[in-house]
Protein chains: 2
Amino acid sequence: MQTRSKTTYHHGNLRNSLIAAAEALLMQKGLTELSLREVAKAAGVSNAAPYRHFRDKTALIEALAEGGFLQLKAGCDRAQKKYPAEPARQLVEAGMAYLFYAIEKPAIVHLMFGGLISLDDCGAPLKQAADEAYGSLGQIVGNGQKAGIYQEADGADLTLTAWSTVHGLSLMVTGGLLHTRTKSRAQLKKLGESVAGILLAGFLKR
Amino acid sequence: MQTRSKTTYHHGNLRNSLIAAAEALLMQKGLTELSLREVAKAAGVSNAAPYRHFRDKTALIEALAEGGFLQLKAGCDRAQKKYPAEPARQLVEAGMAYLFYAIEKPAIVHLMFGGLISLDDCGAPLKQAADEAYGSLGQIVGNGQKAGIYQEADGADLTLTAWSTVHGLSLMVTGGLLHTRTKSRAQLKKLGESVAGILLAGFLKR
DNA sequence: ACCTGAACACCGTTCAAGT
DNA sequence: ACCTGAACACCGTTCAAGT
């Protein structure tokens, strides 16, 4: 179980352990029930220890949200690499990645935009991760514009619309509107593709 | 200050007073800082009193969310009445009403889909309010289909796309992505109309 | 430099007791 | 029937003290 990390085990990179423990707890419990003390205990450390690594509870939550935005950016980058010459497909693929990430870790997606943290007033790393994720989606939209397949419109407006739709859909699906929790993964994929198709129709030239 | 309500003042409809107090506190403080004890104090009552009217804190939050869905439904109904023969305009108008409600009461919109409550497993009144709001938007979409102005598509998918986009945009704007908090009301209106235009383009026949 | 133990103020919730 | 007071277990946060 020994890794190549500099610090042996018991002490060392507690920061990452706390993030991992918090993420694990969020898989089982709701956002409201998540307590810093419990996270500390799960990481095998005292109540006060987390405060060496996070200013307060919000700072830990910001770190979790940052991880979410990094995942979203990774999904966008992957979509661009996978379909280098098909911007429309990039957009759909990125959207589906977003949706499946939300299904996998609903609590993370919720805290990214649930009002618990403010992107206007947060630590620099979170702000940067959010901007980069948004920027990567903006690239995908830009690819379509350069290819001349989209209608004339402000790129920023298109990007905002795409993110809004995909994020909104993710919340509908994870938030429980219309008994979606009982739907199978295949059904959810079909749902996502339908919505992506309608969104894309609004982007394309007519 | 005497109303026609059956109960005089000091005792009586504490339930509504608690809801009002909670809503008022949410205008100033974040969702995390809202405590039941504080709500009780604001309503001039003891810590334990709310438990005569709400099973627990979640039940109070559900009541707040219910109010939000009722507002959303009201916006949809208003839009249908205002433009009886123009389904596309109904859709844009309802979306703008949603957006402005979110700007006015961001905390309410956040708790409606923020994962704090689950629409799959909540009290009947909240479930009904959510379904009715969703149903009213479905009517607006159906109006467009009946008028034959929308592309061939499952009405449920169109409705889901519309709600997702508008809800997602509301969260982008209230959640602080891309310094929107500094934007004026006029700018936000323009932003909303741009997104609504792109969404609508995806709905319309080509 | 990083962690612990104990403490403080606060919170959700319960329950006997009051009116 | 509705509300209060006091209590219990829990939480975020701080700080002196340990290693």
Side-chain angles (χ1 to χ4, degrees), chain A residues 5-26 28-65 107 111 114-118 121-123, chain B residues 5-26 28-65 107 111 114-118 121-123:
Chain A
S5 68
K6 252 167 209 158
T7 49
T8 54
Y9 186 59
H10 203 77
H11 311 92
N13 61 343
L14 177 58
R15 191 191 145 92
N16 286 343
S17 299
L18 290 168
I19 292 176
E23 212 157 333
L25 285 169
L26 269 182
Q28 308 160 1
K29 324 185 65 176
L31 239 164
T32 320
E33 290 102 309
L34 185 76
S35 82
L36 211 47
R37 289 170 104 109
E38 201 176 11
V39 171
K41 192 190 291 182
V45 87
S46 81
N47 298 333
Y51 288 87
R52 281 308 122 186
H53 301 274
F54 298 101
R55 196 176 12 83
D56 53 18
K57 190 182 178 184
T58 300
L60 207 205
I61 291 180
E62 284 188 6
L64 294 177
L111 59 78
L116 291 183
I117 58 178
S118 162
D121 178 29
C122 67
Chain B
S5 69
K6 252 167 206 157
T7 49
T8 52
Y9 187 62
H10 203 76
H11 312 92
N13 60 344
L14 177 57
R15 192 190 144 90
N16 286 342
S17 299
L18 289 168
I19 292 176
E23 211 156 334
L25 284 170
L26 269 180
Q28 309 159 2
K29 324 186 68 176
L31 238 165
T32 320
E33 290 103 309
L34 185 76
S35 82
L36 212 46
R37 290 169 104 107
E38 202 177 12
V39 172
K41 192 190 289 183
V45 86
S46 82
N47 297 334
Y51 288 87
R52 283 306 122 184
H53 301 273
F54 298 100
R55 195 176 13 82
D56 53 17
K57 190 183 178 183
T58 299
L60 207 205
I61 290 179
E62 284 188 5
L64 294 177
L111 58 79
L116 291 183
I117 58 178
S118 162
D121 178 31
C122 68

Seminar exercise, completed: Expected string for nucleotides 14-19 of chain C under the B/S/- scheme (protein heavy atoms, under 4.0 Å, primed atoms plus P, OP1, OP2 as sugar-phosphate) is BB----
Nearest 0.5 Å, what's the [atom1]-[atom2] distance between [X] and [Y]?
| X | Y | atom1 | atom2 | answer |
| --- | --- | --- | --- | --- |
| A:His53 | A:Ile19 | NE2 | CD1 | 10.5 Å |
| B:Leu25 | B:Lys41 | CG | NZ | 10.5 Å |
| A:Leu26 | A:Glu33 | CG | CD | 10.0 Å |

Exercise. Just the dot-bracket of DNA chain C, please: which string comes out with Watson-Crick or G-U pairs under 3.5 Å, [ ] for crossing, | for another strand?
Worked result: ||.|||||...|||||.||
Between protein and nucleotides 8-11 of chain C, what N or O pairs are separated by less than 3.5 Å?
| residue | atom | partner | partner atom | Å |
| --- | --- | --- | --- | --- |
| C:dC11 | OP1 | B:Ser35 | OG | 3.2 |

For this session: Side chain of B:Asp56 only, please: which of C:dC3, C:dT4, C:dT13 is the nearest?
Result: C:dT13
Write down the atom of [X], the atom of [Y], and the distance for their closest heavy-atom approach.
| X | Y | answer |
| --- | --- | --- |
| A:Leu31 | A:Ala107 | CD1-O, 4.1 Å |
| A:Leu64 | A:Ala22 | CD1-CB, 4.1 Å |
| B:Ala40 | B:Leu18 | CA-CD2, 4.2 Å |

May I have the distance from [X] (atom [atom1]) to [N] (atom [atom2]), rounded to whole angstrom?
| X | N | atom1 | atom2 | value |
| --- | --- | --- | --- | --- |
| A:Asn13 | C:dC3 | CG | C1' | 15 Å |
| B:Lys41 | C:dG12 | NZ | P | 12 Å |
| B:Leu31 | C:dG12 | CG | P | 12 Å |
| A:Leu14 | C:dA1 | CG | P | 17 Å |

Exercise. Does B:Ala48 have any side chain to side chain contact (heavy atoms under 4.5 Å, CB included) partners at least two apart in sequence or in another chain, and if so, which?
Worked result: B:Ser46
Problem set entry | salt bridge (Lys or Arg N to Asp or Glu O under 4.0 Å) involving A:Lys29 - partner list, sequence neighbours excluded | A:Glu38
Scan the side chains in residues 56-63 of chain B for donor-acceptor partners under 3.5 Å anywhere in the protein, sequence neighbours excluded, and list what turns up.
| residue | atom | partner | partner atom | Å |
| --- | --- | --- | --- | --- |
| B:Asp56 | OD1 | B:Thr58 | N | 3.3 |
| B:Asp56 | OD1 | B:Ala59 | N | 3.1 |
| B:Lys57 | NZ | B:Leu34 | O | 2.9 |
| B:Glu62 | OE1 | B:Gly123 | N | 3.1 |

